Participant: 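So that we are looking at the same thing, I have put the structure below in structure tokens.
None of the values given here were measured: they were computed from a predicted structure. In what follows, chains carry the letters A, B, and so on, assigned in the order in which the sequence lines appear, proteins first and then strands, with residues in each chain numbered from 1.
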Amino acid sequence: MKSLFSPAKAARAQELLRSKLVVEGSPSPTVVVGLDAAYKKLGNAEIGIGVAVALEWGSWKLLGCKVAITEVCVPYIPGLLAFREMLVMAPALSSLIRTVGSVDLVVVDGHGLAHPRRLGIASHVGVAFDLPSIGVAKKKLVGEEVEEGGEVFIVHKGVKVGVVVRARSGKKLYVSPGHKVGLMEAAHLVREMLLDGLPKPTLEADRVSKAVRALLGSLKTGGLPLRVKECPTLLGRLTG
DNA sequence: GCGACAG
DNA sequence: ATCTTGTCGC
């Protein structure tokens, strides 16, 4: 059987999307969305859980939440993360946008500009939905950390592509522009969203994805053989 | 050839 | 990311 995924073509697609990327802007969000994905192996199949939560800036009040569940047959390859996670993130995000009406900013797990081809998952999401977005990663993908004027930047091939933001615990967060946000603006916004070592939207999306994952586990324990083949895409709405 | 390698 | 045993410290 032919391969189900072409890394070479995916990388070419990133180069095409890259020409649409805007790396400047300073949004003043009212509605901010957190995106996250979790996975669970059920028999031979790998199930992906995509979560999108909408919060009100500042009060961090929950405005909506959408979950998309489907089998994911794309492997994780460094640099090509978006092609795996977009399968569940895109349905969850588009459904959430339809529900809450408008979204001002999307915070994504992973890098944006700080990527081998300058189009990490945060930028991919931003360009695909034409929304301002920011990438927040827990680990570095490319570049070196360079201090300058009391700020630590991620420098890749001589270009500043991200900022290292320190949580109060001392833990590093690698922040980079996704789309329609500048470098310093992205770092500033993330610092304002910081709570318990992570941006509030990320924290909430992560919480939900872990909870749904636990539910999938208990379904298996209950003896219900989940037939993925018969329901390739389940769009659940658990909160919103 | 060796090391690095988001989630 | 997920799986997973044991250890350390509040």
Side-chain angles (χ1 to χ4, degrees), chain A residues 5 7-8 10-11 13-14 17-18 21 34-52 67-90 92-93 106-128 133-145 153-157 161-165 167 169-179 186-187 190 197-199 201-221:
Chain A
F5 180 67
Q14 289 180 328
L17 288 177
R18 173 68 182 84
L21 189 64
L35 271 185
D36 190 29
Y39 300 87
K40 179 89 186 162
K41 277 182 281 285
L42 255 48
N44 321 304
E46 181 176 34
I47 308 303
I49 303 156
V51 175
V67 179
I69 301 174
T70 188
E71 180 176 12
V72 174
C73 296
V74 173
Y76 165 66
I77 297 172
L80 300 177
L81 175 65
F83 293 90
R84 173 176 167 80
E85 308 228 313
M86 280 289 272
L87 267 91
V88 286
M89 282 187 167
L93 177 56
V106 182
V107 181
V108 186
D109 275 7
H111 295 94
L113 233 208
H115 174 275
R117 288 168 292 281
R118 305 286 150 78
L119 198 98
I121 187 167
S123 300
H124 196 123
V125 168
V127 171
S133 63
I134 296 175
V136 180
K138 301 171 194 69
K139 291 187 293 189
K140 187 178 59 177
L141 175 59
V142 295
E144 52 279 356
E145 298 176 29
F153 295 94
I154 305 172
V155 177
H156 177 52
K157 294 181 176 178
V161 293
V163 176
V164 179
V165 170
S169 66
K171 207 181 139 42
K172 293 179 190 172
L173 291 180
Y174 300 89
V175 178
S176 60
H179 184 50
V190 167
L198 281 176
T202 302
L203 228 41
E204 287 306 297
D206 185 70
R207 207 185 101 261
V208 174
S209 68
K210 296 290 203 311
V212 173
R213 189 177 145 288
L215 284 181
L216 282 187
S218 62
L219 282 186
K220 185 184 67 174
T221 304

Participant: I want to verify a distance call: between dA6(B), dT2(C), dG7(B), whose nearest atom is closest to the Leu141(A) side chain?
Facilitator: dA6(B)
Participant: Within a strict 4.5 Å, meaning less than it, do heavy atoms of the Leu173(A) and Val164(A) side chains meet?
Facilitator: no
Participant: Do any side-chain nitrogens or oxygens of Arg84(A) fall under 4.0 Å of OP1 or OP2 in dG7(B)?
Facilitator: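 For dG7(B), OP1/OP2 do not have a side-chain N/O of Arg84(A) under 4.0 Å.
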Participant: Could you state the NZ-P distance from Lys139(A) to dA1(C), rounded to the nearest angstrom?
Facilitator: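 Rounding to the nearest Å, NZ of Lys139(A) and P of dA1(C) are 8 Å apart.
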Participant: For the side chain of Glu85(A), starting at C-beta, report the closest nucleotide among dT2(C), dC3(C), dG7(B).
Facilitator: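 Closest nucleotide among those given: dG7(B).
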Participant: Name the closest nucleotide to the Asp109(A) side chain, picking from dG7(B), dC3(C), dA6(B).
Facilitator: dG7(B)
Participant: Rounding to an integer number of Å, can you tell me how far Arg117(A) CZ sits from dC5(B) C1'?
Facilitator: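 Rounding to the nearest Å, CZ of Arg117(A) and C1' of dC5(B) are 12 Å apart.
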Participant: Rounded to the nearest Å, what distance is computed from the CG atom of residue Leu42(A) to the P atom of nucleotide dT2(C)?
Facilitator: 13 Å
Participant: May I ask you to say what Gly79(A) touches in the nucleic acid, namely base, sugar-phosphate or nothing, with a heavy-atom cut-off under 4.0 Å?
Facilitator: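 Base contact.
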Participant: Taking OP1 and OP2 of dA6(B), is either one under 4.0 Å from a side-chain nitrogen or oxygen of Tyr76(A)?
Facilitator: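 So the side chain of Tyr76(A) is within the cut-off, an N or O lying under 4.0 Å from OP1 or OP2 of dA6(B).
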Participant: In whole angstroms, how far is the P atom of dC3(C) from the CD atom of Glu46(A)?
Facilitator: 10 Å
Participant: Counting side-chain heavy atoms from C-beta on, which of dG7(B), dT2(C), dA6(B) comes nearest to Asp36(A)?
Facilitator: dG7(B)
Participant: Quick one: is Lys41(A) getting a side-chain N or O under 4.0 Å of the dA1(C) phosphate, OP1 or OP2?
Facilitator: no
Participant: Does Ile121(A) reach a base, just sugar-phosphate, or nothing at all? Heavy atoms under 4.0 Å.
Facilitator: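 Base: the residue Ile121(A), judged by heavy atoms under 4.0 Å, touches a nucleobase.
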Participant: Report the distance from atom CD of Glu144(A) to atom C1' of dG3(B), rounded to the nearest whole Å.
Facilitator: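 Spelled out: CD on Glu144(A) to C1' on dG3(B) is 15 Å.
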Participant: Looking at every strand, decide which applies to Ala114(A) at a 4.0 Å heavy-atom threshold: base, sugar-phosphate, or nothing.
Facilitator: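 It contacts nothing in the nucleic acid.
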Participant: Using the ring of Phe5(A) (Phe, Tyr or Trp, six-membered ring only), decide whether Arg84(A) places NZ or CZ under 6.0 Å from its centre and within 45 degrees of its axis.
Facilitator: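 Verdict for Phe5(A): no cation-pi partner in Arg84(A).
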Participant: dA6(B) P sits how many Å from Leu81(A) CG, rounded?
Facilitator: 9 Å
Participant: Rounded to whole angstroms, how far apart are CD1 on Ile77(A) and P on dA4(B)?
Facilitator: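 Atom-to-atom, Ile77(A) to dA4(B), this comes out as 20 Å.
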Participant: Hey, does Ile49(A) reach any base, or is it just sugar-phosphate, or nothing, if we go heavy atoms under 4.0 Å?
Facilitator: nothing
Participant: Take the angle between the ring planes of His111(A) and Tyr174(A) and call it parallel below 30°, perpendicular above 60°, tilted in between.
Facilitator: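 His111(A) vs Tyr174(A) ring planes: tilted.
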Participant: In whole Å, what is the span from the CG atom of Leu87(A) to the C1' atom of dG7(B)?
Facilitator: 14 Å
Participant: side-chain contact (heavy atoms from CB on, under 4.5 Å) with Ile49(A): which of Val67(A), Val88(A), Asp36(A)?
Facilitator: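 Only one option passes, and that is Val67(A).
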Participant: How close do Ala11(A) and Leu80(A) get, counting heavy atoms only, and between which atoms?
Facilitator: N-CD2, 4.0 Å
